[in-house]
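Note that the coordinates shown come from a computational prediction; the quantities given were computed from them, not determined experimentally.
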Amino acid sequence: MTKEELLSRLNGIEWNDFEIKEAKNEVPKTVWETVSAFSNSYGGWIVFGVKEKRAGGKSTYEIQGVENTEKLEQDFVTVLRSNGKFNQRISVQTIKFDIDKKVVLAFYIPMSEYKPVYISVPTNTYIRLGSGDQRATEFEVRAMQRDQAFGKKSNEAVFGTCYKDINQDSFQDYRAYLRAFNSELSYNTLSDTEFAVKTGIMSNGLLSVGGLLMFGNIDAILRYNPDFLIDYIEIPGSSIQDAKNRYTYRLQEQENIWEYYKIILHRLRTRIDNPYLPRPDGIAPDDNTLLYCVREALVNFCAHADYFSEIHSTVRVFDTSIQFQNPGSFPVNLKILGQTIVSQPRNPNILRFFKLARLSENGGYGIDKILNWKNLTNCAVTIDSDITKSEVRFELPINANQRQLTPNQRQLTTRLTPNSTPTDVNGVNLPLEEKVLALIITNNKISIAEIASSTGKSRRNIDRVIDALKKSGKLVRLGSARRGHWVVR
């Protein structure tokens, strides 16, 4: 921080990471709460030698300076570097300013890697809210304690699990996806158990936390984590408050993260622009579609969630926005997002599973792809975070050249969910391609004859539609005609 930046801060700019103390002759007792708060939040500056004056409900700041500068500095730094006051040593950066022949001391307290940072006992844990320090709640302290395992928990072994706890439908679907969209991957030729070991799903006969959550059977997952759930809700309105109905669609419980991801992505696909330009090898290149931005957010939503929190990961789709809300905070100050590479996933092996399938950017959060939403739509994309949760919100364009669901389409996609049985679709006013896709989503092993029967069309007609969907990249057939299945992209 420069002298000019310090003087600007004294005019009331960005006080959430800036605190002044008069501290003329001694270290003030209230400073320790601020040290805890900055350590548990995103860091901040503490400035000694400035006095606040309040008049008429407004504050002004007068530079008084400090006396006995070296002793004051050493008294403060010694406490931070010792084991007496806090539960851990705290690093600190010190700068001395000479302003109008008065000495001002500025100390930068960084965000701690090992939270919570508290004074003597955990109940004396503080966080920064606005321009003040607040005692953390028990819920917030537990969230910070779980953050100590950030980047490690998902690689831990789950005792009592084995290969049989893998959901074979999910596992084989994932392997087929890799063969189709990452065909040169050497792991594709491995046996199932070798593949599970090489990719980090399993080690020494036990499933990893990430492997279990990503591909496990729901019964095995719930034995280990009874609160496991990803909630997806479509709400008619611009907010919960103005919705005429609580929701028009709510996703039923799925087996694991892979199943949640596939269904949620398909639901989002119906809401936003997603043109497709395949390469000669049939793999989608990096693109600038709206779906790409949202898909990156969905992958990071899955990879960054605190699955052991009391609150659940939730996707809310309103008429005017798409909101991803996760338990667990972002590990970095949100001010630097988009300015530097951020590669600190909470669950690194879950993110790796998506990367192997070419469903995520390299280099961490793929934040540039997420933020590119604003360039493509001229609509805001906002990222917020506090101690217990984080949120990514995409504002939807009102008049963009994107695909919007008609009332009939909403009725069909709500009725033809992956967990329901399709009824007669002949009376629904939809293009034939949409009817075919809806039926395939309902049953990815449905035959051409069954599609023809459900739509009232000839097999030749359905074959032409299937060929067109394959050429456009919306549909892929994995496996043989008898034993294979469809993948809707």
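Counting only distance, with no hydrogens or angles, the side chain of N347 and the backbone of V209 share no donor-acceptor pair below 3.5 Å. Between the N167 side chain and the I218 main chain, no donor and acceptor come within less than 3.5 Å of each other. The backbone N or O of F86 lies less than 3.5 Å from no partner atom in the side chain of N124, so there is not a single donor-acceptor pair. D319 contributes a side-chain N or O that, together with a main-chain N or O of G237, makes up a donor-acceptor pair within less than 3.5 Å. Side-chain atoms of R352 come within 3.5 Å of backbone atoms of T199 as a donor-acceptor pair (strictly under, hydrogens ignored). S112 contributes no side-chain N or O that, together with a main-chain N or O of S39, makes up a donor-acceptor pair within less than 3.5 Å.
Note: F354 and W258 have tilted aromatic rings, judged against thresholds of 30 and 60 degrees for the angle between ring planes. Under the 30°/60° scheme for interplanar angles, the aromatic rings of F215 and F171 are found to stand perpendicular.
For the pairing with S170, the side-chain contact (heavy atoms from CB on, under 4.5 Å) check across N217, I257, N256 returns one residue only, N256. Checked against E234 for a salt bridge (Lys or Arg N to Asp or Glu O under 4.0 Å), the options R250, R267, R316 give a single hit: R267.
The side-chain heavy atoms of T123 and Y118, taken from C-beta on, include no pair separated by under 4.5 Å. Contact annotation: the side chain of L359 never approaches that of F353 to less than 4.5 Å [non-hydrogen atoms, C-beta and beyond]. Counting heavy atoms from C-beta on, the side chains of Q323 and T314 never come closer than 4.5 Å. A heavy-atom distance below 4.5 Å is found between the side chains of W373 and L396. Residues K262 and Q254 have side chains not in contact (no heavy-atom distance under 4.5 Å, counting atoms from C-beta outward). Put simply, the side chain of K389 does not reach to within 4.5 Å of the side chain of P327, judged on heavy atoms. Side chains of L371 and V381 form a contact here, defined as non-hydrogen atoms less than 4.5 Å apart. A heavy-atom distance below 4.5 Å is not found between the side chains of N372 and Y292.
What you find for Q325 and E391 is that their closest heavy atoms are NE2-OE1, 3.2 Å. F97 approaches A106 most closely through the heavy-atom pair CE1-CB, 3.8 Å.
The CG atom of L206 sits 14.0 Å away from atom CD1 of I201, with the distance rounded to the nearest 0.5 Å. Atoms NZ and CZ, on K374 and F394 in that order, are 13.5 Å from each other to the nearest 0.5 Å. Interatomic distance, Y126 OH to E140 CD, rounded to the nearest 0.5 Å: 13.0 Å. To the nearest 0.5 Å, atoms CZ (F38) and CD1 (I90) are separated by 12.0 Å. Distance CZ/F48 to CD/E67: 14.5 Å, rounded to 0.5 Å. Note that the CG atom of L178 and the CG atom of D173 stand 10.0 Å from one another [nearest 0.5 Å].
Ring-centre distance between F308 and Y224: below the 6.0 Å cut-off. Aromatic rings of W32 and F76 (six-membered ring for Trp) have centroids within the 6.0 Å cut-off, being under it.
Counting only N and O atoms by type, the side chains of S309 and D306 include no donor and acceptor under 3.5 Å apart. For S313 and N326, the side-chain atoms include at least one donor-acceptor pair closer than 3.5 Å. A donor atom on one side chain and an acceptor atom on the other are not found under 3.5 Å apart for E33 and T30. With 3.5 Å as the limit, one finds no donor-acceptor pair spanning the side chains of N40 and T125.
Ionic pairing of D192 and R175 is present here: one or more N-O contacts between side-chain nitrogen and carboxylate oxygen are shorter than 4.0 angstrom. The pair K71-D75 meets the salt-bridge criterion, with a side-chain N (NZ, NE, NH1 or NH2) lying under 4.0 Å from an Asp/Glu carboxylate O. Using a cut-off of 4.0 Å between Lys/Arg side-chain N and Asp/Glu carboxylate O, K21 and E19 are scored as salt-bridged.
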Assess whether side chain to side chain contact (heavy atoms under 4.5 Å, CB included) is satisfied between S41 and I127, documenting all intermediate values. CA-CA 6 Å; S41 301; I127 59 174; 4.2 Å; yes
Might you work through the side chain to side chain contact (heavy atoms under 4.5 Å, CB included) test for E26 and N68, ending with a clear yes or no? CA-CA 9 Å; E26 62 182 3; N68 201 353; over 6 Å; no
Take E395 and F318 through the side chain to side chain contact (heavy atoms under 4.5 Å, CB included) test and state the conclusion after the steps. CA-CA 9 Å; E395 298 293 339; F318 296 95; over 6 Å; no
Checking side chain to side chain contact (heavy atoms under 4.5 Å, CB included) for the pair T34/F107: CA distance, chi angles, key distance, verdict? CA-CA 11 Å; T34 304; F107 304 92; over 6 Å; no
